[in-house]
2 protein chains.
Amino acid sequence: MARRNDHSREQIQQMAITAAIGILNEEGPGQLSTRKVASAIGYTVGTLYLVFRNLDELLLHVNAATLDELHSAIRSALANQHTPVEQLKAIAFSYLEFARHQYARWSLLYSHQLQNGEQAPAWFNDKVNALFGLVEIPLKTVKPDMSHKDLVCATRVLWSGVHGACELALNNKLRLGDEVSADVLIHSMIDNYLAGLACEQVTA
Amino acid sequence: MARRNDHSREQIQQMAITAAIGILNEEGPGQLSTRKVASAIGYTVGTLYLVFRNLDELLLHVNAATLDELHSAIRSALANQHTPVEQLKAIAFSYLEFARHQYARWSLLYSHQLQNGEQAPAWFNDKVNALFGLVEIPLKTVKPDMSHKDLVCATRVLWSGVHGACELALNNKLRLGDEVSADVLIHSMIDNYLAGLACEQVTA
DNA sequence: ACCTGAACACCGTTCAAGT
DNA sequence: ACCTGAACACCGTTCAAGT
């Protein structure tokens with residue numbers, strides 16, 4: 001014991017991230033703990049604190065992997081779409097699909113808060129910006145005369161609107177009844193918001 | 001000890017709910033625990049489990065109180081508004097204000113999940129429905145020819161859209177930059193969604 | 001240098017025992 | 001009947017001690 005050198009720092013980090021994702025998928029967010037991750041990779045908890053500052057930092061890496069997968073899921077959904085409206089809907093519905101099939105990881109993306117006001121590192125924020133970038137491209141085609149500010153605004157409105165609909169619908173917080181589903185909400189949200197952008201001059 | 005009869009079941013419940021709200025406001029959601037609530041009201045943890053089934057049920061009552069306050073905050077914001085669009089915006093911005101000033105309680109409303117698929121009791125869902133009802137009234141005035149389904153849909157789109165913008169903006173998940181704020185997002189969302197409803201016949 | 005094992009200060013929940 | 005106190009099975013995090 002006490003000196004194995006079986007794995008490098010980086011290998012242990014990667015093993016821990018993979019193990020955490022496995023626990024998240026199989027047992028849910030409530031069951032994820034440093035002790036379980038450690039025992040899943042055959043090390044003790046102490047070792048985890050040798051390669052990560054704390055649980056927060058491990059979860060940040062789990063979220064980074066989730067953002068990467070979400071990014072490529074959206075990109076492959078975009079491949080078959082040609083009109084910008086089709087593209088925006090493909091993004092929204094692949095987001096909904098991702099949330100449905102990777103619910104634990106998807107919700108960790110939002111429930112995980114860095115403690116005592118720490119900022120996410122730049123490489124993490126870059127991944128988030130890349131996702132918004134996927135929305136900006138078709139939006140720019142829909143309305144080429146938008147200012148940068150309006151483009152940032154419209155991107156975030158669509159993103160947070162679709163996100164809110166996914167979150168509340170998947171958590172049964174919307175009292176939807178039988179007639180309406182998350183899909184219906186997203187269609188209505190995108191169609192009408194874009195129609196509004198097209199036919200209205202919004203005053204500042 | 002062991003038999004005080006200082007308070008009735010209902011009194012202890014109410015004291016616990018009030019104490020939990022205090023801890024939430026003063027120390028944040030991470031610091032809320034059964035042990036802290038119990039010691040704040042001068043009882044042991046065991047007593048808490050005599051009047052609540054578990055922590056979940058206590059949090060449900062905390063959330064019920066939060067929904068009541070949110071309801072009356074929105075109602076008083078509505079009092080000064082006359083046009084339906086003004087009313088919808090008053091609802092949205094009082095929601096944002098509430099989220100900003102009661103952040104811990106507001107986020108508990110959404111982060112609190114009943115465990116193993118239990119359903120919230122009917123009296124709780126009634127409070128949620130009452131909130132949606134506040135949105136339905138001005139919406140019906142804006143577009144009186146809406147079907148029930150379309151009204152349910154539009155209400156939920158606005159609610160979850162505004163909610164998503166509040167959640168992501170307050171959590172700094174939107175990479176907004178200097179030019180755009182949560183207020184700008186909400187204005188854009190409501191203006192354009194309503195404009196879309198007004199000028200477009202959405203196909204099913 | 002790398003890793004462990006035990007400790008510290010917490011959790012939610014249960015329940016025999018006391019009055 | 002009401003309430004306690006201790007127990008059980010967990011947490012995240014730290015760090016002296018071992019090789």
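Every chain is numbered from 1 and lettered A, B, ... according to where its sequence line falls, protein lines coming before strand lines. What you see below is based on every heavy atom in this structure, not just the backbone, and it leaves out hydrogens, waters and symmetry mates.
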Report the distance from atom CD1 of Ile41(B) to atom C1' of dC2(D), rounded to the nearest whole Å. 14 Å

For dA6(C), give the paired nucleotide (Watson-Crick: N1-N3 plus N6-O4 or O6-N4; G-U: N1-O2 and O6-N3; both under 3.5 Å), or none. dT14(D)

Winner on side-chain proximity to Tyr43(B), out of dT14(D), dT4(D), dT4(C), is dT4(D)

For Tyr103(B) and Asn25(B), test the side chains for any donor-to-acceptor distance below 3.5 angstrom and give the result as yes or no. no

Categorize Ile12(A) for me: base, sugar-phosphate, or nothing, with a 4.0 angstrom heavy-atom threshold over every strand shown. sugar-phosphate

Test: Asp68(A) and Arg75(A) ion pair at under 4.0 Å: no

Of the listed dG12(C), dG12(D), dT4(D), the closest approach to the Arg4(B) side chain comes from dT4(D)

Taking the nucleotide of DNA chain D with the closest heavy atom to each, which residue, Thr47(A) or Leu32(A), is nearer the 5' end? Leu32(A)

Calculate the interatomic distance between Leu50(B) atom CG and dC2(D) atom P; express it in whole Å. 8 Å

Does a donor on one side chain and an acceptor on the other come within less than 3.5 Å for His187(A) and Lys89(A)? yes

Rounded to the Å, how far apart are Ile23(A) CD1 and dG12(D) P? 10 Å

Once you round it to whole Å, what is the distance between P of dC11(D) and CG of Asp56(A)? 17 Å

Suppose you measure atom C1' in dA7(D) against the same atom in dC11(C); what distance do you get, rounded to whole Å? 14 Å

Separation of dG12(C) C1' from Phe52(B) CZ (nearest whole Å): 15 Å

Under 4.0 Å, heavy atoms only, any strand: does Ser33(B) hit a base, just the sugar-phosphate, or nothing? sugar-phosphate

Full working for ring-ring contact (aromatic ring centres under 6.0 Å, His included) between Trp106(B) and Phe98(B): CA-CA 7 Å; Trp106(B) 174 79; Phe98(B) 192 90; 8.6 Å; no

Under a 4.0 Å N-O cut-off, is there an ion pair linking Glu167(B) with Lys173(B)? no

Is the phosphate of dT13(C) approached by Tyr49(B) (side-chain N or O, under 4.0 Å from OP1 or OP2)? yes

Roughly how many Å is it from CG in Leu55(A) to P in dT14(D), rounded to a whole number? 12 Å

Tell me which nucleotide, if any, is Watson-Crick or G-U wobble paired with dA1(C) when both distances must be under 3.5 Å. dT19(D)

Less than 4.0 angstrom between a side-chain N/O of Thr44(B) and OP1 or OP2 of dC3(D), yes or no? no

Please give, in whole Å, the distance from dT13(C) P to Lys36(B) NZ? 17 Å

Distance in angstrom units between Leu48(B) CG and dT4(D) C1', rounded: 13 Å

